[in-house]
There are 2 protein chains.
Amino acid sequence: MNPSFEELKKELNLRNVNLSYQRLKVLKYLTQNQCHPTVDQIFTDLHKDISTLSKTTVYNTLRVLEEVDLVRVITIEEHETRYDINVENHGHFKCETCGTIYDFSVDIDFLTPRDLDKFKINDKNVYFKGICPRCLSIE
Amino acid sequence: MNPSFEELKKELNLRNVNLSYQRLKVLKYLTQNQCHPTVDQIFTDLHKDISTLSKTTVYNTLRVLEEVDLVRVITIEEHETRYDINVENHGHFKCETCGTIYDFSVDIDFLTPRDLDKFKINDKNVYFKGICPRCLSIE
DNA sequence: TAATAAATCTATAACCTTTACAATGTTGTT
DNA sequence: AACAACATTGTAAAGGTTATAGATTTATTA
């Protein structure tokens, strides 16, 4: 499972990242909204609570969290960078009709391309596109 | 193997896409430069031959070619949409040091996530990040 | 071939996301 | 309390992509 909020706070301390009020809110948002939100979604939602919040802060915070490997960047589609707190390897499915992004479990370690024998692999990503069951049933 | 240039021209006719001079040049470029170029790379190189070429035309052409499934969009990294004429399923490896994108063969059909039983899958993508052998040896 | 319609190309401006930067505010340490 | 270090904010700038309108080319018909 995903790490709990408390565990994440500990992680930040371990990695010498100060936990400001804004960073705490972003982190909390990511743990509670594991729907791969965009910066704009995060900013818009948090702005309701923190009227002084700047979008730059959201960018900065996400960059910091990414640097310490607590957050993962997902680039399924151009022009919409999404953020995911789950660092575990899993695949993403984007519905081309409604835009929802679904997680799915995939045995990425099973992928052992012989072509990459001499390559150092840091990150593996799998994403599919298509139509989700809900949109299929509506059609 | 990849389709030949002549075959691609036939494909365009089949799909009722007019083959203008500019489109022909872009298509030719993609078949001869299968290095997943960006729009800017395509435009800059072609501009040497066609001084009147507009970057908008490159965008438009790529969109048309994508719509008829002759070209595939690769989004490995944010802010750099890349184009690939090879529609066959294969994986991409991006070297985080030199930026080169390598192809590798991967048995994508082997990926049969049970989670996606009821999903209609149109497109499968696999991309890895890490360091390529050349950069490893230089270090 | 000429006339007309349709499609394509070009250039510019607009848009949107992300980054850079400088000023302000906050936190931590002594 | 004073200082330094860091974080936040707001604005401006950068970069890539798209919208649009006019010019050019191509296709069609007579």
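Source: prediction; values computed, not measured. Here is the naming used below: chain letters follow the sequence lines, and residue numbers restart at 1 for every chain.
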| task | Look at all strands and tell whether A:Thr38 reaches a base, only sugar-phosphate, or nothing, counting heavy atoms closer than 4.0 Å. | result | nothing
| task | Report yes if at least one side-chain N or O of A:Asn18 is closer than 4.0 Å to OP1 or OP2 of D:dA7; otherwise report no. | result | yes
| field | Presence of A:Gln22 side-chain N/O under 4.0 Å of D:dT9 phosphate oxygens OP1/OP2 | value |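 The answer is yes; a side-chain N or O of A:Gln22 sits under 4.0 Å from OP1 or OP2.
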| note | Residues at least two apart in sequence or cross-chain that pass salt bridge (charged side-chain N to carboxylate O under 4.0 Å, His left out) with A:Glu96, listed by chain then number, are none
| task | Only counting residues at least two apart or in another chain, list the ones meeting salt bridge (charged side-chain N to carboxylate O under 4.0 Å, His left out) with A:Asp45. | result | A:Lys48
Nucleotide [N], atom [atom2] - distance to [atom1] of [X] in whole Å:
| X | N | atom1 | atom2 | result |
| --- | --- | --- | --- | --- |
| B:Asn13 | D:dA27 | CG | P | 11 Å |
| A:His47 | D:dT8 | NE2 | P | 16 Å |
| B:Arg23 | D:dA27 | CZ | C1' | 14 Å |
| A:Asn16 | D:dA5 | CG | P | 16 Å |

| How far apart are the closest heavy atoms of B:Tyr102 and B:Cys95, and which atoms are they? |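 Heavy atoms only, the tightest pair is CE1-CB, 4.4 Å.
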| Which residue lies toward the 5' end of DNA chain C, A:Glu80 or B:Tyr21, if each is placed at its nearest nucleotide? |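 It is B:Tyr21, whose closest nucleotide lies nearer the 5' terminus.
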| message | Quick check for you: name the first and last nucleotides of DNA chain C, 5' to 3', having an atom under 4.0 Å from a heavy atom of chain A. | response | C:dT17 to C:dA20
| request: Using the side chain to side chain contact (heavy atoms under 4.5 Å, CB included) rule, take B:His92 and B:Val126 through it: C-alpha gap first, then chi angles, then the decisive distance, then the call. | output: CA-CA 6 Å; B:His92 292 111; B:Val126 176; over 6 Å; no
| request: Using a cut-off of strictly less than 4.0 Å between a heavy atom of the residue and any atom of DNA chain C, enumerate the qualifying residues of residues 50-64 of chain A by number. | output: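 Here the set is A:Thr56, A:Tyr59.
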Distance-only criterion, 3.5 Å: show the donor-acceptor pairs between side-chain atoms of residues 16-26 of chain B and protein atoms not counting sequence neighbours.
residue, atom, partner, partner atom, Å
B:Ser20, OG, B:Arg23, N, 3.1
B:Arg23, NH1, B:Asn18, O, 3.0

| Measuring from A:Lys120:NZ to B:Leu136:CG, what's the distance to the nearest 0.5 Å? | 7.5 Å
| task | Find the distance between CD1 (B:Ile121) and NZ (A:Lys129) and round it off to the nearest 0.5 Å. | result |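 Going from the CD1 atom of B:Ile121 to the NZ atom of A:Lys129 covers 13.5 Å.
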| task | Take B:Lys94 and A:Asp123 through the test side chain to side chain contact (heavy atoms under 4.5 Å, CB included) and record every step on the way to the result. | result | CA-CA 10 Å; B:Lys94 169 152 184 172; A:Asp123 191 25; over 6 Å; no
| How would you list, by chain and number, every residue that makes a side-chain hydrogen bond (donor to acceptor under 3.5 Å, both in side chains) with B:Tyr127, sequence neighbours excluded? | A:Thr75
